[in-house]
Amino acid sequence: MKLLRYGPPGQEKPGLLDAEGGIRDLSGVVADLAGEALSPAGLAKLAALDPATLPTVSGNPRLGPPVTGMRNLVCIGLNYADHAAETGSPIPKEPIVFLKSLNALQGPNDDVVIPRGSVKTDWEVELAIIIGTRAKYVSEENALDHVAGYAVGNDVSEREWQAERGGTWDKGKGFDTFGPLGPWLVTKDEVPDPQNLAMFCDVDGVRQQDGSTRTMIFGVKQLIAYVSQCITLNPGDVIFTGTPPGVGLGKKPAPVFLKAGQVMTLGIAGLGEQKQNVVASS
């Protein structure tokens, strides 16, 4: 299934994408895509529905983040061997874990706002894991039991605040609008191998990132197990799993960063695409 949330910010309703690419309203079945609705039983209930019996959503509504109610937006840094190489960083011995502010979370096609004074805002297409059941001290063997599905994420990053202003990465990663997610949650039964997904990011129609989850250093199972040792993961929580090479910071002979007026288009095979206009902070 491809599950989504549509409508104005803060007023989204649950829905699903039917076989023809239309949106069907799920609000008569579940209150929202959160909590128990993301559990195996909750997803089985939705999978048993005949989409043709659900109301059709007309027009082209805004899409919000495909899940809500999350407590944690966890991110993994330098998790692709070829991305670590382009930044001149050593291969991490353990996952680099940081958090994005929940204020960063937004719909897949909402505007990305360059912070005031920023000259080093960057793009990062990423596979996002969406947790369906509580995960604490889980093993790699059982890690996927806690996954509801996957989505496309854009770990937008302000490199000066990330690396040059002292402290942790969280500052440069957590600005408002820096976490587009979606367009939908694709349930894990439709993603048999999350370690073999092609992914891309274009800026103004020029291909910047062209990679695959095959080059992850720590795979999906490892990340869930590792994070669950220090952060209890709850239904709706999201893990951004790192980015392949091609970020602006790694461009040669000099880094290239986003400017107001540009457009980012990014996607992952089978998980859909996002498109964001880049705008200046008011």
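Throughout, residue positions are numbered sequentially from 1 according to the sequence presented.
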Below 4.5 Å, heavy atoms only, C-beta onward: do Val113 and Asp176 meet side chain to side chain? no
Would you say Thr215 and Asp82 are linked by a side-chain donor-acceptor pair, where the criterion is simply a distance under 3.5 Å? yes
Answer yes or no: is there a side-chain heavy-atom contact under 4.5 Å between Leu266 and Trp123? no
Is there a donor-acceptor pair closer than 3.5 Å between any side-chain N or O of Arg24 and the backbone N or O of Leu16? no
What do you reckon, is CD of Glu141 surrounded by more than 12 foreign heavy atoms closer than 6.0 Å? no
Thr187 versus Glu190, side-chain donor and acceptor atoms under 3.5 Å: no
What about Val152 and Val186, same hydrophobic cluster or not, with Ile/Leu/Val/Met/Phe/Trp/Tyr joined at side-chain heavy-atom distances under 4.5 Å? yes
Reference residue Leu258; test side chain to side chain contact (heavy atoms under 4.5 Å, CB included); the match among Val278, Asp122, Val119, Asp204: Val278
Report yes if the side chains of Asp155 and Phe98 come closer than 4.5 Å at any heavy-atom pair, otherwise no. yes
Can a donor-acceptor pair be found, under 3.5 Å and without considering hydrogens, that links the side chain of Gln162 to the backbone of Thr168? no
Residues Ala128 and Gly153: closest non-hydrogen pair is CB-N, 4.5 Å
Side-chain (Gln222) to main-chain (Gly219) donor-acceptor, under 3.5 angstrom: yes
So does Ser139 get a backbone contact from the side chain of Asn142, meaning a donor-acceptor N/O pair under 3.5 Å? no
For Arg207, I'd like to know if atom CZ has over 12 heavy atoms of other residues, nucleotides or ligands within 6.0 Å. yes
Please determine whether the number of non-hydrogen atoms from other residues, nucleotides or ligands lying under 6.0 Å from atom NZ of Lys171 exceeds 12. yes
Could you please spell out the steps behind the side chain to side chain contact (heavy atoms under 4.5 Å, CB included) verdict for Val256 and Val203? CA-CA 11 Å; Val256 176; Val203 179; over 6 Å; no
N/O donor-acceptor pair under 3.5 Å between Asp202 side chain and Thr265 backbone: no
Applying side-chain hydrogen bond (donor to acceptor under 3.5 Å, both in side chains), run through Gln195 and Lys221 and close with a yes or a no. CA-CA 10 Å; Gln195 303 306 152; Lys221 294 179 182 179; over 6 Å; no
Would you call Asn79 and Pro95 a side-chain contact if the rule is heavy atoms closer than 4.5 Å? no
Joint cluster assignment, Val238 & Val227, ILVMFWY side-chain distance < 4.5 Å: no
May I ask you to test the Leu63-Tyr6 pair for a side-chain heavy-atom distance under 4.5 Å? yes
Spell out, as yes or no, whether a donor-acceptor pair under 3.5 Å connects the side chain of Thr213 to the backbone of Pro194. yes
Measure the shortest side-chain to side-chain distance between Thr121 and Val156 over non-hydrogen atoms and say whether it is less than 4.5 angstrom. yes
Under 3.5 Å, is there a donor-acceptor pair between the side chain of Asn109 and the main chain of Lys275? yes
Go through Leu33 and Leu185 one step at a time and tell me if the side chain to side chain contact (heavy atoms under 4.5 Å, CB included) criterion holds. CA-CA 10 Å; Leu33 296 176; Leu185 178 163; over 6 Å; no
Passes side chain to side chain contact (heavy atoms under 4.5 Å, CB included), Ile76 versus Met216? Steps please. CA-CA 11 Å; Ile76 309 298; Met216 275 188 185; over 6 Å; no
Heavy-atom count check: over 12 atoms from other residues, nucleotides or ligands less than 6.0 Å from Lys188 NZ? yes
Minimal non-hydrogen separation, Leu73 against Ser101, with atom names: CD2-O, 4.0 Å
Answer yes or no: does atom NZ of Lys252 have more than 12 heavy-atom neighbours from other residues, nucleotides or ligands under 6.0 Å? yes
Is there a path of hydrophobic side-chain contacts, each under 4.5 Å between heavy atoms of I, L, V, M, F, W or Y residues, that connects Leu99 with Phe178? yes
Of Glu158, Arg159, Glu160, which is the lone residue that meets side chain to side chain donor-acceptor pair (under 3.5 Å) with Ser118? Glu158
Before you tell me yes or no, could you show the steps for Leu54 and Asp18 under side chain to side chain contact (heavy atoms under 4.5 Å, CB included), namely the whole-Å CA-CA distance, both residues' side-chain angles and the distance that decides it to 0.1 Å? CA-CA 10 Å; Leu54 300 170; Asp18 65 24; over 6 Å; no
Arg62 with Glu12: basic N within carboxylate O range, under 4.0 Å: yes
Stepwise, does the salt bridge (Lys or Arg N to Asp or Glu O under 4.0 Å) test hold for Lys13 with Asp25? CA-CA 7 Å; Lys13 294 181 178 181; Asp25 180 23; 5.2 Å; no
Counting neighbours of CG on Asp193 that are heavy atoms of other residues, nucleotides or ligands and sit closer than 6.0 Å, is the number greater than 12? yes
With hydrophobic residues grouped by side-chain heavy-atom distances under 4.5 Å, do Trp184 and Ile131 end up in a single group? yes
Acceptor/donor pairs from residues 42-50 side chains to any protein atom, 3.5 angstrom cut, sequence neighbours excluded:
from  : atom 1 : to    : atom 2 : distance (Å)
Asp50 : OD1    : Ala52 : N      : 3.0

Looking at side-chain heavy atoms only, is the closest gap between Gln208 and Lys251 below 4.5 Å? yes
Counting N and O atoms only, with roles assigned by atom type, does the side chain of Arg116 sit under 3.5 Å from a partner on the main chain of Ser282, one being a donor and the other an acceptor? yes
Candidate list Glu126, His83, Gln209, test side chain to side chain donor-acceptor pair (under 3.5 Å), partner Thr243, passing option: Gln209
Regarding Lys173 and Glu124, does a basic nitrogen lie under 4.0 Å from an acidic carboxylate oxygen? yes
Could you tell me whether the side chain of Val147 reaches within less than 4.5 Å of the side chain of Leu144, counting heavy atoms only? yes
Gln274 and Asn154: side-chain hydrogen bond (donor to acceptor under 3.5 Å, both in side chains), yes or no, with the steps? CA-CA 9 Å; Gln274 305 181 348; Asn154 189 355; 4.7 Å; no
